[in-house]
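What you are looking at is a predicted structure, and each value in this text was computed from that prediction instead of being measured. Just so it is clear: chains get the letters A, B, ... in the order the sequence lines come, proteins before strands, and each one is counted from 1.
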Protein chains: 2
Amino acid sequence: MDKKKEAIHIVIDPTSGIPYYRQIILQIEMAIADGRLTVGRQLPTVRSLAVDLQVNPNTVVRAYNELEIRGLVNTQHGTGTFISDKRVEMSDVDREQILAQLVRGFVSQSASYGFTVHDIIKYLTDYREEGAL
Amino acid sequence: MDKKKEAIHIVIDPTSGIPYYRQIILQIEMAIADGRLTVGRQLPTVRSLAVDLQVNPNTVVRAYNELEIRGLVNTQHGTGTFISDKRVEMSDVDREQILAQLVRGFVSQSASYGFTVHDIIKYLTDYREEGAL
DNA sequence: TATCATGTACTAGTTTACTATAACACTAAT
DNA sequence: ATTAGTGTTATAGTAAACTAGTACATGATA
């Protein structure tokens, strides 16, 4: 019963249609975004996560690799995979521009579904207050 | 030389890695969003667009079908495809689910650029206060 | 050096996405 | 009824995505 408390608990939904490796990526990204995973924390090992999720180790590897390419995690052969401490070097102006571009695209997309900026803000606020799910 | 002025001019980029049918969808969505395509306007016929883009008719069909499923266009067998005037009927639950899906994807994407939920909320709030949208 | 826990690489099988060919079916105008 | 224009369906080939099985390589530590 006494299960060790994990930094992150990942769950795979085989019926969602979303690839396993992508579900892993999404949940880790979420955890980073909302602060559950902080700099330097070690992710579950490839094998242990593979066993937990009843998935092939290579599927975990694929997820971790993509995260590493994006610079979110650091991988050390023989040691483990850790949340990266280096943030991408960007000026504040660059950051602002990138965020603006992302948000505008998203607002546009949402608008085509009939959602307003207000809807989005409300959802995000609730989302954060719920402890990010 | 005197080419008839089209409501919309679609261009396919075969090198982009984005599926043809999706490129078509995106460009039509954009055109609707910024007012180039208004309610009731007829889209190019399946065949004519297929010829224009040098693409198979079924590729156009696929794009139009997806647009119809989303309620952006109306298709009438034997007549044509038109920009829809009705907004999609959705239950509140469906709306919530779709918004959740959209936002989660966006939060993930933003996280991979180092942005947090807080960053996004702040930007959106400022954005709205500036009267943009 | 030996060992154990870690990530990596090679290979292959299955499924899904994408596009195309060709024939069918509906609508409106003649 | 015929015809011309429209969307639709059935089928299939190719490529890519996805997952898995198995064996290998690296790093820390005793």
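Both A:Ile120 and B:Ile98 are part of a single hydrophobic cluster, where members link through side-chain heavy atoms under 4.5 Å apart. Under a hydrophobic clustering in which Ile, Leu, Val, Met, Phe, Trp and Tyr are joined whenever their side-chain heavy atoms come within less than 4.5 Å, directly or via other members, B:Val107 and A:Leu26 fall into different clusters. When the side chains of ILVMFWY residues are joined at heavy-atom separations under 4.5 Å, either directly or via intervening members, A:Tyr123 and A:Phe106 end up in a single hydrophobic cluster.
Of the residues in residues 56-68 of chain B, B:Asn56, B:Asn58, B:Thr59, B:Arg62 come within less than 4.0 Å of DNA chain C through at least one heavy atom, sorted by number.
The side-chain contact (heavy atoms from CB on, under 4.5 Å) test with A:Thr15 is passed by exactly one of A:Ile18, A:Ile12, A:Asp13: A:Asp13.
The number of heavy atoms from other shown groups lying within 6.0 Å of CD (A:Glu68) is above 12.
A distance cut-off of 5.5 Å between ring centres, combined with a plane angle under 30°, leaves A:His77 outside any stacking arrangement with the base of D:dG27.
Rounded to whole angstrom, the span from the CD atom of A:Gln76 across to the P atom of D:dA28 amounts to 7 Å. To the nearest angstrom, P of D:dT6 lies 10 Å from CZ of B:Phe82. Rounding to whole angstrom units, CD1 of residue A:Ile18 and P of D:dC18 are separated by 11 Å. In this structure, the OH atom of A:Tyr21 is 14 Å from the P atom of D:dA20, given to the nearest Å. Summarising the geometry, the separation between CG on A:Leu53 and C1' on D:dA20 is reported as 15 Å, rounded to the nearest angstrom.
The pair B:Glu66-B:Arg70 meets the salt-bridge criterion, since a charged nitrogen lies less than 4.0 angstrom from a carboxylate oxygen.
Scanning both residues, A:Asp119 and B:Arg95, for their nearest heavy atoms gives OD2-NH2, 3.2 Å. Counting all heavy atoms, side chain and backbone alike, B:Ile8 lies closest to B:Pro44 at CG2-CD, 4.1 Å. Shown here for A:Tyr20 and A:Val55, the closest heavy-atom pair between the two residues is CD1-CG2, 3.7 Å.
Residue A:Thr79 places none of its side-chain N or O atoms closer than 4.0 Å to OP1 or OP2 of D:dT26.
Both A:Val55 and B:Val46 lie near DNA chain D, and the one whose nearest nucleotide falls closer to the 5' end is B:Val46. When each of B:Leu43 and A:Gly78 is assigned the nucleotide of DNA chain D with its nearest heavy atom, B:Leu43 is the one assigned upstream, toward the 5' end.
No donor-acceptor contact under 3.5 Å links the side chain of B:Arg47 to the base of D:dG5.
Contact footprint of chain B on DNA chain C: nucleotides with an atom under 4.0 Å from a non-hydrogen protein atom, first to last in 5' to 3' order, C:dC18 to C:dT27.
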